[in-house]
Amino acid sequence: MQRIGVFVCHCGTNIAATVDVGAVADAVRGEWGVVYAADYPYMCSQTGQRMIIDAVKEHALTALVICSCSPRMHEATFRRTAQAAGINPYMIEIANIREQCSWVHKDIASATEKAIVLARAAIAKVHLNTPLTPGQSAVTKRALVIGGGIAGIQTALDIAEAGFPVDIVEREPTIGGKMAQLDKTFPTLDCAACILTPKMVDAAQHENIRILSYAEVVEVGGFVGNFHVKIKKKPRYVKEDLCTGCGICTEKCPQKQVPNAFNLNMDTHRAIYIPFAQAVPKVAVIDPDACNMLKNGKCGVCARVCSAGAIDYRQEPETIEEEYGAIVAATGYNPIPMDAFDEYAYSLSPDVITSLELERLTNAAGPTQGQLQRPSDGRHPHTVVFVQCVGSRCSADARRGKEYCSKICCMYTAKHAMLIRDKYPDTEVYVFYIDVRTPGKNFDEFQRRAVEEYGVHYIKGMVGRVTPQGEVLRVQASDLLNGRQMNVDADLVVLAAAIEPDKSARALATKLNASMDTNDFFTEAHPKLRPVESPTAGVFLSGTCQGPKDIPETVAQASAAAAKVIGLLSKQTLLGNPCVAQSDPMLCSGCAQCAGVCPAGAISYEDKEFRMPDRSMKVRRVACVNAAVCLGCGACTVACPSGAMDLQGFKNDQIMAEVDAICK
């Protein structure tokens, strides 16, 4: 029989305000096997933990029940306390009387009664607990960063500086991400390229960093400390080790009318191209859909003019397989499509553009060499209207846009307005907004400068419709503060489009067994205490793959993710979770139901010999669980029709004991 100690926490008033904790302790003292019960205001505090250790020694306790908050918060804390007291860490149960009881009840009597029931259920289960020992596995001293934007670059640089090798996998031909497309950054108005390019070069030149550009992760296996990843590298049709980036091939190629994705298709490049001047790696790439040589075997001009002999039309996709100890997702974002917002005439007029398109128009390396021009006729616009929250905060119509605030729009619109007024004082700028949100350091002062110093017209109100009328765009809007309707004849309308996760994020999350929210942002393990960790051990989050962020916040999170990776890779071995599935070969029928539902791919099958009652030997196919890979989710135990699969620490008899305790 177990000698059980029960400890009930007040959690300040989080629990004690709704639950009579003294009554809970008194009620469980009479339970079978309970030899000690007590309550304390803060059981997770150092004093509370010392109280548990002293009680274990004084009463010779062999198992513990802690009635407190969610095990997500403090189960690890109390397991360490049990271990310090000489008890196996898995001879402890947490009865969640905060989230599952006090926080969902108002009536003290009913909440107290429920807390007692939850405590009794935990006591019933701990009677059947057995000591468990976690296994150990070695750690591969290499990290993978998926995404080569500023988040991925910063994460990789920090890990590499700690002495660990890092691979950056970037889907595009060059690293840099969205920041490479920007002109200036808020709130300091730094040149984006001037602060990004040195980091791109540092990543390319760092001895511990390997850049796998024009590549995608296609398969991820293994577990924390020992991930096996397959990476598919697409053919550039240019040999990276030979190309010098001289650009002669990009000048001589006869196929000129290929839409330039880097400039958001506002101009064109040739079939062989270098995405932008500061590209890393600065290696040309051939668009196979536009190249005459690859399509019909007629041309070959780039190969003839390349003095380095770098052109290779026979290049094939390459598969790279590598082992990693940790993986960082840094897949970035994209502006949402404007197709659903026809009232703004985005599809009707080339002079209605998005904010990212404006970035390229004002960039010296953009399609107009930095001159602000109307896309329709190249004329300088004298009236520019900015429309805020296009697709953001669409709680009334979430089918068209996003319910969340995209966080960066208010600030980059203020930046755009100031830059236009500074360079073109003759241009009137209007900003129609719902609310102005400027929560960052020096952000509010920056936005006020747009109004007070640069004379930008900020108007609180929604734009109802944009209608092309001849050479102008009629903007119909409301001015809520003055209670009037407005009509502004604009030369250029700029839409602050909401941002959303990159389309590759959902497929990547499936490969990583990582969690996502309803908006396809990666979900952190805990929003406050573990904000850069995925619930999947060994997978970390960096940048806007987790949610909307500006550049300073992205860089800060990138370094935080790197710190977590460094802490992981610094260990020689990792302790596994002993609460894993286990198959009883005598009951297993080899039906493969469990393997079909296992999210980690931890279940395989092998043939085993069994001695039959007549002493003959028979070979049967039975399930085997890789304990190092198993997540302990329990899906297999539910799916198994023969009851052969059970979960250590959560066996069927333990769960049924809890149910019986609740129902009696």
Side-chain angles (χ1 to χ4, degrees), residues 2-56 59 61-82 85 87 89-129 525-529 579 649-650 654-664:
Q2 303 286 5
R3 293 180 60 83
I4 303 170
V6 180
F7 301 87
V8 187
C9 182
H10 296 226
C11 196
T13 57
N14 279 293
I15 295 173
T18 314
V19 174
D20 186 343
V21 291
V24 176
D26 291 339
V28 299
R29 283 192 182 97
E31 292 295 311
W32 179 62
V34 175
V35 297
Y36 181 78
D39 61 274
Y40 186 73
Y42 297 101
M43 201 60 72
C44 63
S45 68
Q46 192 170 11
T47 304
Q49 292 178 62
R50 172 52 57 186
M51 174 183 170
I52 295 172
I53 294 172
D54 292 343
V56 169
H59 300 280
L61 303 179
T62 60
L64 305 175
V65 170
I66 313 294
C67 302
S68 62
C69 59
S70 166
R72 285 188 65 192
M73 293 287 292
H74 290 305
E75 186 174 51
T77 300
F78 291 122
R79 280 181 176 171
R80 286 192 295 268
T81 303
I87 297 178
Y90 296 91
M91 296 300 294
I92 183 173
E93 286 299 318
I94 308 291
N96 184 355
I97 63 170
R98 190 179 75 173
E99 284 84 347
Q100 293 181 357
C101 188
S102 67
W103 279 4
V104 294
H105 289 282
K106 299 293 184 183
D107 180 62
I108 293 179
S110 59
T112 302
E113 181 183 357
K114 183 177 179 181
I116 293 170
V117 170
L118 292 173
R120 284 173 175 160
I123 293 168
K125 181 176 184 294
V126 83
H127 270 296
L128 301 176
N129 281 16
H526 191 283
K528 299 179 182 67
L529 303 181
C579 298
F650 299 90
Q654 293 173 304
I655 302 300
M656 292 311 300
E658 287 189 286
V659 173
D660 291 342
I662 291 172
C663 295
K664 73 177 183 180

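Just the heavy atoms: all of them, side chains too, but no hydrogens, waters or symmetry mates, feed the values below.
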Which heavy atom in [X] sits nearest to a heavy atom in [Y], and how many Å separate them?
| X | Y | value |
| --- | --- | --- |
| Ile123 | Trp32 | CG2-O, 4.2 Å |
| Ala121 | Ile662 | CB-CG1, 3.8 Å |
| Cys101 | Leu118 | CB-CD1, 4.2 Å |
| Val8 | Val24 | CG2-CG1, 4.0 Å |
| Leu128 | Ala657 | CD1-CB, 3.8 Å |

Can you tell me how far [atom2] of [Y] sits from [atom1] of [X], rounded to the nearest 0.5 angstrom?
| X | Y | atom1 | atom2 | result |
| --- | --- | --- | --- | --- |
| Ile97 | Ile66 | CD1 | CD1 | 10.5 Å |
| Thr81 | Arg79 | OG1 | CZ | 12.0 Å |
| Trp103 | Cys11 | CH2 | SG | 7.0 Å |

**Report entry** Pairs involving residues 100-125, ordered by first then second residue, that meet salt bridge (charged side-chain N to carboxylate O under 4.0 Å, His left out) (sequence neighbours left out)
**Finding:**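 For residues 100-125, and leaving out neighbouring residues, the salt bridge (charged side-chain N to carboxylate O under 4.0 Å, His left out) pairs sorted by first residue read Glu31-Arg120, Glu93-Lys125.
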
Heavy-atom distance under 4.5 Å between the side chains of [X] and [Y], does that happen here?
| X | Y | result |
| --- | --- | --- |
| Val6 | Cys67 | yes |
| Cys69 | Glu99 | yes |
| Val28 | Val65 | no |
| His74 | Ile94 | no |
| Val19 | His105 | no |
| His127 | Ile4 | yes |
| Leu64 | Val56 | yes |

For residues 33-48, run the donor-acceptor check on the side chains, cut-off 3.5 Å, and write out each pair with its distance to 0.1 Å, sequence neighbours left out.
{"unit_1": "Asp39", "atom_1": "OD2", "unit_2": "His10", "atom_2": "NE2", "d": "2.8"}
{"unit_1": "Ser45", "atom_1": "OG", "unit_2": "Tyr42", "atom_2": "O", "d": "2.6"}
{"unit_1": "Ser45", "atom_1": "OG", "unit_2": "Gly48", "atom_2": "N", "d": "3.2"}

Between [X] and [Y], is there a donor-acceptor pair closer than 3.5 Å when you use the side chain of the first and the backbone of the second?
| X | Y | answer |
| --- | --- | --- |
| Arg72 | Ala525 | yes |
| Thr62 | Gln2 | no |
| Asn129 | Tyr90 | yes |
| Ser102 | Thr18 | no |

